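Report on the following structure.
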Amino acid sequence: MAAPGRRTGVLGGTFDPPHIGHLLAALNVRHALSLDEVLLVVANDPWQKTAERPVTPAADRMAMVQAAIEGLDGLVASDLEIGRGGPSYMVDTLAELAAADPGGERFLIVGADAAAGLLTWDRADRLPELATLVLVDRPGIECDAPPDGWPLRRVEIPRIELASTDLRARVADGRPLDLLVPPGVWSVIRDRRLYGFRSS
Ligand code: ATP
Ligand code: MG
């Protein structure tokens with residue numbers, strides 16, 4: 001088991017697929033806040049998204065996140081929400097991490113778009129007691145300050161206008177993902193023929 005009293009960053013996401021925007025956020029927050037590690041927590045059932053579109057099976061998204069963090073110090077692919085099953089609620093994830101390391105500190109990392117929707121998350125009122133909020137900007141997305149009383153840090157990261165939605169469209173169109181995702185992620189997409197990938 002990991003040493004107690006750790007400073008742990010938590011970047012939750014659908015990661016459908018993971019891309020360099022996610023990695024830049026995780027790496028730069030880890031550096032800026034001297035975190036021991038940043039967990040990329042793969043949502044099992046991202047209930048706010050599954051209502052709108054088909055989401056790639058969790059096992060495929062987990063395989064891509066594992067490939068994404070390869071060789072990057074301090075980043076961890078977490079299957080905590082997949083192991084728990086069912087709809088993924090960040091409040092349960094943070095509570096589980098707190099129970100596993102009561103002396104530790106948790107930092108919930110969110111991009112501006114996710115921050116704008118924070119109050120729609122399940123049991124959002126309980127989040128502030130479980131983690132410090134860390135806000136990173138995304139190009140073109142304005143974000144209001146979070147609710148009063150929630151400990152907040154803002155971290156500047158290189159801004160990269162990239163979203164998984166664009167990447168899924170690129171694959172479906174036959175365009176390459178080179179340099180937009182780590183090579184290992186691109187390999188998983190091609191090997192498993194995700195997002196309608198066709199070899200030409
Ligand atoms: P989609 O287009 O499918 O919504 P996404 O690129 O927004 O995908 P998510 O898995 O929804 O990726 O995002 C997980 C977390 O990563 C969110 O907090 C989101 O704000 C953040 N994030 C995603 N892309 C970036 C980026 N380019 N820069 C900074 N943060 C990002
Ligand atoms: Mg998103």
Side-chain angles (χ1 to χ4, degrees), residues 9-33 38-58 60-69 72 75-82 87-91 93-94 106-122 124 127 131-144 146 150 152-173 177 179-182 185 188-189 194-196:
V10 178
L11 175 64
T14 306
F15 301 113
D16 194 11
H19 53 70
I20 56 171
H22 297 128
L23 299 172
L24 286 169
L27 288 169
N28 285 284
V29 170
R30 177 174 184 246
H31 176 80
L33 303 184
V38 173
L39 311 182
L40 277 69
V41 181
V42 178
N44 181 60
D45 168 9
W47 53 282
Q48 292 191 320
K49 282 186 178 166
T50 36
E52 289 166 17
R53 67 169 181 89
V55 167
T56 304
D60 290 327
R61 292 183 286 110
M62 184 69 200
M64 289 190 281
V65 171
Q66 275 163 338
I69 59 151
L72 299 175
L75 301 195
V76 176
S78 169
D79 64 359
L80 208 92
E81 293 184 348
I82 297 174
S88 302
Y89 301 123
M90 181 51 75
V91 66
T93 301
L94 293 174
R106 289 152 307 281
F107 297 81
L108 175 60
I109 305 166
V110 290
D113 59 315
L118 267 180
L119 291 180
T120 68
W121 292 14
D122 193 64
L127 294 169
T132 296
L133 185 64
V134 182
L135 201 57
V136 296
D137 282 320
R138 278 184 90 166
I141 299 173
E142 286 298 316
C143 172
D144 300 337
W150 190 337
L152 168 72
R153 305 288 302 263
R154 277 178 189 268
V155 174
E156 278 293 322
I157 62 167
R159 294 201 189 184
I160 172 131
E161 194 159 353
L162 197 57
S164 303
T165 303
D166 311 326
L167 299 183
R168 293 191 298 273
R170 288 182 67 94
V171 178
D173 289 354
L177 295 196
L179 304 183
L180 302 175
V181 302
V185 174
V188 173
I189 292 170
L194 303 179
Y195 313 120

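For ligands, and for the atoms within them, numbers begin at 1 and follow the listed sequence. Computed from a predicted structure; not experimentally measured.
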Test side-chain contact (heavy atoms from CB on, under 4.5 Å), reference Val155, set Val134, Ile109, Asp137, output is Val134

Scan for salt bridge (charged side-chain N to carboxylate O under 4.0 Å, His left out) pairs involving residues 42-52, sequence neighbours excluded, and state none if there are none. none

With sequence neighbours left out, write down each residue that passes side-chain hydrogen bond (donor to acceptor under 3.5 Å, both in side chains) with Arg153, or none if nothing qualifies. none

Does anything in residues 12-27 pair up under salt bridge (charged side-chain N to carboxylate O under 4.0 Å, His left out), and if so which pairs, sequence neighbours excluded? Asp16-Arg53

Would you find a donor on one side and an acceptor on the other, under 3.5 Å apart, between the side chain of Asn28 and the backbone of Leu24? yes

Do Val91 and Trp121 pass the side chain to side chain contact (heavy atoms under 4.5 Å, CB included) test, and can you show the C-alpha distance, the side-chain angles, and the key distance before you say yes or no? CA-CA 8 Å; Val91 66; Trp121 292 14; over 6 Å; no

Could you pull out the N/O contacts under 3.5 angstrom between ligand 1 and the surrounding protein atoms?
unit_1	atom_1	unit_2	atom_2	d
ligand 1	2 (O)	Thr165	N	2.9
ligand 1	2 (O)	Thr165	OG1	2.4
ligand 1	3 (O)	Thr165	OG1	3.4
ligand 1	3 (O)	Arg168	NH1	3.1
ligand 1	4 (O)	Lys49	NZ	3.0
ligand 1	6 (O)	His19	NE2	2.9
ligand 1	6 (O)	Arg138	NH2	3.4
ligand 1	6 (O)	Ser164	N	2.8
ligand 1	6 (O)	Ser164	OG	3.3
ligand 1	7 (O)	Arg138	NH1	2.9
ligand 1	7 (O)	Arg138	NH2	3.4
ligand 1	8 (O)	Ser164	OG	3.2
ligand 1	10 (O)	Thr14	N	3.0
ligand 1	10 (O)	Phe15	N	3.1
ligand 1	11 (O)	Lys49	NZ	2.6
ligand 1	12 (O)	His22	NE2	2.9
ligand 1	18 (O)	Gly111	N	3.0
ligand 1	20 (O)	Gly111	N	3.2
ligand 1	20 (O)	Asp113	OD1	2.6
ligand 1	24 (N)	Arg138	NE	3.4
ligand 1	24 (N)	Arg138	NH2	3.1
ligand 1	27 (N)	Ile160	O	3.0
ligand 1	27 (N)	Leu162	O	3.1

